[in-house]
Amino acid sequence: MSRTPPHPEGWQIDLQQVLEAVVDPVRRSIVAQLDAAGHDIKCGDFDLPVSKSTATHHFTVLREAGLIRQYYVGTARLNTLRRADLDRALPGLLDALMGRAAAPSA
């Protein structure tokens, strides 16, 4: 039995579910911290103003929406932003959420 929790496939990422996930400021903060870091982050290393159990709920919502991927290294659960999958499924959305202007088309 795998310890890696289930994740939606890239083609299953749904705009409504993504928007419902990022409407919460704590979840937006998690996405922003992953985006800014540019590398995977352990659950306990995020700067969050909520309890551990509440943070677990937020990570689950983000994972089920397809925004993050979670996996284990030893006993640590790491999180990675699914930028490539999101950019394919919903082009420009992640940049808009992070407040970055999309590059002009040629």
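Please read all numbers here as calculations on a predicted model, not as lab measurements.
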Exercise. How about Arg83 and Asp95: do any of their side-chain heavy atoms sit closer than 4.5 Å?
Worked result: yes
Problem set entry | Ala55 to Val50 - nearest heavy-atom pair and separation | N-CG2, 3.8 Å
Exercise. Are Val61 and Leu19 connected in a single hydrophobic cluster, I mean Ile/Leu/Val/Met/Phe/Trp/Tyr linked by side-chain heavy atoms less than 4.5 Å apart?
Worked result: no
For this session: May I ask whether Val18 and Val31 are part of the same hydrophobic cluster, defined by side-chain heavy atoms of I, L, V, M, F, W, Y residues being less than 4.5 angstrom apart, directly or through others?
Result: yes
Problem set entry | Heavy-atom side-chain contact between Gln12 and His7 under 4.5 Å | no
For this session: For Ser51, check side chain to side chain donor-acceptor pair (under 3.5 Å) against everything at least two apart and list the hits.
Result: Ser53, Thr54
Problem set entry | Side chain Ser29, main chain Pro25, donor-acceptor under 3.5 Å | no
Exercise. CG of Asp24 to NE2 of His58: how many Å apart, nearest 0.5 Å?
Worked result: 4.5 Å
Counting only pairs under 3.5 Å, give me each side-chain donor-acceptor contact of residues 66-73, with atom names and distances, residues two or more places apart or in other chains.
{"unit_1": "Gln70", "atom_1": "OE1", "unit_2": "Arg63", "atom_2": "NE", "d": "3.2"}
{"unit_1": "Gln70", "atom_1": "OE1", "unit_2": "Arg77", "atom_2": "NH1", "d": "3.3"}
{"unit_1": "Gln70", "atom_1": "NE2", "unit_2": "Asn79", "atom_2": "OD1", "d": "2.7"}
{"unit_1": "Tyr71", "atom_1": "OH", "unit_2": "Asp40", "atom_2": "OD2", "d": "2.3"}
{"unit_1": "Tyr72", "atom_1": "OH", "unit_2": "Arg77", "atom_2": "NE", "d": "3.3"}
{"unit_1": "Tyr72", "atom_1": "OH", "unit_2": "Arg77", "atom_2": "NH2", "d": "3.3"}

For this session: Please round to the nearest 0.5 Å and tell me the distance separating atom CG of Asp45 and atom CD of Gln33.
Result: 10.0 Å
Side-chain donor-acceptor pairs under 3.5 Å in residues 85-93, sequence neighbours left out?
{"unit_1": "Asp85", "atom_1": "OD1", "unit_2": "Arg88", "atom_2": "NH2", "d": "2.7"}
{"unit_1": "Asp85", "atom_1": "OD2", "unit_2": "Arg82", "atom_2": "NE", "d": "3.0"}
{"unit_1": "Asp85", "atom_1": "OD2", "unit_2": "Arg82", "atom_2": "NH2", "d": "2.8"}

For this session: State plainly whether one hydrophobic cluster holds both Leu34 and Leu78, where clusters connect Ile, Leu, Val, Met, Phe, Trp and Tyr through side-chain heavy atoms under 4.5 angstrom apart.
Result: no
Exercise. Nearest heavy-atom pair of Ala65 and Pro8: which atoms, and what distance?
Worked result: C-CG, 4.2 Å
Exercise. Can you name the nearest heavy-atom pair linking Leu62 to Ala21, along with the distance?
Worked result: CD2-CB, 4.2 Å
